[in-house]
Amino acid sequence: MSKVTTRKIRLAQSELEEFKQNGFLNLGQALSTKDVAKFLSMFDEDRSNYPYMWHPYGYSQEANYEALISSPRFDELIRHPAIFPKIEALMGGPVCFGEIGLRRMGTHKGEVHQAWHRDRGYFEEHPLRLDYLQLIVYLTDVDETTHCFSISTEDVTDSPFKSADDQLRRSAPTHLHGPAGTCALFNVALFHTATTRPTESERKTVQIYYGHRDRAPLANDSGIPTRLREHPHDEESRSFYGNINERTRLYMRAYGFDPVNVH
C-alpha cells in the first residue's frame, strides 16, 4: 500500500469501515426532496431539449454521457456539498472529474437481465485500492419491482476473482433499492451490473466517476466544457476539471484550441 492516507472529512468511522469491508457505501436518501425535484427536472429537460445527445446504452437503456455539455448545471450534483467531501475522504485527497452519465431504463417486458463486469482493475497503491470511484444517484423510486443497480461486494483485503461467477459465489449480489434521492458510492473495480427486471416503471439515474488528479483519465465518454476547466476565478474548478481526456482534446482541436499546452 502507498503512503496515501484517507482523510476523514465528513465521513463517519462506521462509513469508512463499511467501505473497507465492502468497497461500497449506501448513503441512503442523501438528496433532499428539493434537490431531487431540481435534478430530475434537469434530467428530463436535457432528454427533451437535446434528444440527439441521447443514445442506446448497454441493455435496454439510453444515456447521455455529454451532460456537462448539454446541461452544465449538473456540476451542482457532481460536487454536491453533502456528498463530495465523503468522496474526497475515501479517495484520500483532491479528486478529479472522470465522467457523468444520465441514464434511463424504460419499461421492460422481457426476462431479468444482468451483465456483471468490472470497469477497471484495483489500484493496489491506494489503501482502499481505489483508482476511480462512482457515485450513483437515483432520481426515481427503486424497489424489488423495478430496475436497480446491483453489486457484489469485496473486502479491501480480498484477492479479486477474474470470473464474475466465482465472485458471486463468494459474495451474493447486493441490490440497491430506495426512494428517489438514494445515493451510493463504490469502487468501480468491483463486479456490478444494472439489473433489468420486467416492470412498468422507469429508472432514472445519474452516474458520476471521480479519480486522482495525477492518474490517467478514466475514459473518453464525457467532454469537459471550457467554462469549467478554465474557470477564470476558481482555481479549484480548474484543477477538478483539469484531467483532460482525449475526447476533450479532440473537441479543442476542432474548435481552434491547442490541447498540447493544456495540463
Side-chain angles (χ1 to χ4, degrees), residues 9-12 14-16 18-19 22 24-51 53-54 57 60-91 95 97-108 133-151 174-186 192 194-197 199-210 222 228 236-237 240:
I9 305 172
R10 296 180 64 181
L11 185 73
S14 59
E15 292 177 314
L16 177 59
E18 183 176 343
F19 197 90
N22 298 315
F24 170 75
L25 181 60
N26 183 349
L27 299 176
Q29 200 171 4
L31 297 184
S32 67
T33 301
K34 182 178 179 181
D35 273 347
V36 171
K38 176 177 69 174
F39 294 125
L40 181 59
S41 176
M42 289 166 55
F43 183 108
D44 289 339
E45 287 176 3
D46 187 279
R47 186 165 170 264
S48 175
N49 295 338
Y50 310 108
M53 303 291 278
W54 288 74
Y57 186 89
S60 193
Q61 299 184 53
E62 59 177 346
N64 176 11
Y65 270 77
E66 291 284 31
L68 277 179
I69 304 296
S70 55
S71 299
R73 282 188 60 205
F74 271 107
D75 175 57
E76 297 173 25
L77 180 56
I78 291 170
R79 294 188 285 176
H80 194 284
I83 302 171
F84 191 64
K86 295 181 186 291
I87 293 166
E88 289 186 306
L90 289 169
M91 294 293 284
V95 300
F97 170 76
E99 68 181 36
I100 178 172
L102 311 183
R103 291 169 61 172
R104 173 184 172 273
M105 301 177 71
T107 61
H108 181 66
L133 180 74
Q134 187 186 129
L135 164 66
I136 181 167
V137 179
Y138 283 169
L139 295 180
T140 52
D141 296 340
V142 173
D143 60 26
E144 296 85 350
T145 70
T146 71
H147 311 301
C148 76
F149 171 78
S150 303
I151 193 165
T174 295
H175 301 297
L176 180 64
H177 297 146
T182 294
C183 300
L185 300 169
F186 68 96
H192 59 281
T195 295
T196 306
R197 295 180 173 129
T199 182
E200 295 299 318
S201 299
E202 292 183 317
R203 191 197 74 160
K204 298 177 182 179
T205 62
V206 184
Q207 297 177 221
I208 306 163
Y209 287 77
Y210 305 82
S222 298
L228 292 173
E236 176 57 26
S237 288
F240 176 71

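The shown structure was predicted, so the numbers you read here are calculated from the model rather than taken from an experiment.
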Check whether any side-chain heavy atom of [X] lies under 4.5 Å from a side-chain heavy atom of [Y], and answer yes or no.
X: Ile69; Y: Tyr50; result: no
X: Glu144; Y: His175; result: no
X: Lys86; Y: Phe19; result: no
X: Met53; Y: Asn64; result: yes
X: Asn22; Y: Thr174; result: no
X: Leu77; Y: Leu31; result: yes

Donor-acceptor under 3.5 Å ([X] side chain, [Y] main chain):
X: Thr199; Y: Ser201; answer: yes
X: Ser222; Y: Tyr65; answer: yes
X: Tyr138; Y: Leu176; answer: yes
X: Ser71; Y: Phe74; answer: no

Can you name the closest pair of heavy atoms from [X] and [Y] and give their distance?
X: Pro51; Y: Ser48; result: CD-O, 3.5 Å
X: Asp75; Y: Leu68; result: N-CD2, 4.0 Å
X: Leu135; Y: Val137; result: CG-CG2, 3.8 Å
X: Phe43; Y: Val206; result: CD1-CG2, 4.4 Å
X: Ala194; Y: Arg203; result: CB-NH2, 4.5 Å
X: Glu200; Y: Thr107; result: O-CG2, 3.2 Å

Rounded to the nearest 0.5 Å, how far apart are [atom1] of [X] and [atom2] of [Y]?
X: Thr195; Y: Met105; atom1: OG1; atom2: CE; answer: 8.0 Å
X: Met42; Y: Ser70; atom1: CE; atom2: OG; answer: 9.5 Å
X: Arg73; Y: Ser41; atom1: CZ; atom2: OG; answer: 8.5 Å
X: Asp44; Y: Asn49; atom1: CG; atom2: CG; answer: 10.5 Å
X: Leu25; Y: Leu16; atom1: CG; atom2: CG; answer: 9.5 Å
X: Arg103; Y: Thr205; atom1: CZ; atom2: OG1; answer: 5.5 Å

Quiz item: Of Asn26, Asp141, Leu27, Val142, which is the lone residue that meets side-chain contact (heavy atoms from CB on, under 4.5 Å) with Thr182?
Solution: Asn26

Quiz item: Between Gln134 and Tyr209, does any side-chain donor sit less than 3.5 Å from a side-chain acceptor?
Solution: yes

Quiz item: Any side-chain donor-acceptor pair under 3.5 Å between His147 and Thr196?
Solution: no

Exercise. For Arg197, enumerate each residue passing the salt bridge (charged side-chain N to carboxylate O under 4.0 Å, His left out) test, keeping only those at least two apart in sequence or located in another chain.
Key: none

Practice problem: Please report the C-alpha distance between Leu133 and Met91 in whole Å, then the side-chain angles of each, then the deciding distance to 0.1 Å, and finally whether the side chain to side chain contact (heavy atoms under 4.5 Å, CB included) criterion is met. | Solution: CA-CA 8 Å; Leu133 180 74; Met91 294 293 284; 3.9 Å; yes

Practice problem: Describe, in one word, how the ring planes of Phe84 and Tyr210 are oriented to each other, choosing from parallel (under 30°), tilted (30 to 60°) and perpendicular (over 60°). | Solution: tilted

Self-check item: Test side chain to side chain contact (heavy atoms under 4.5 Å, CB included) applied to Glu202 - qualifying residues, sequence neighbours left out
Solution: Arg104, Lys204

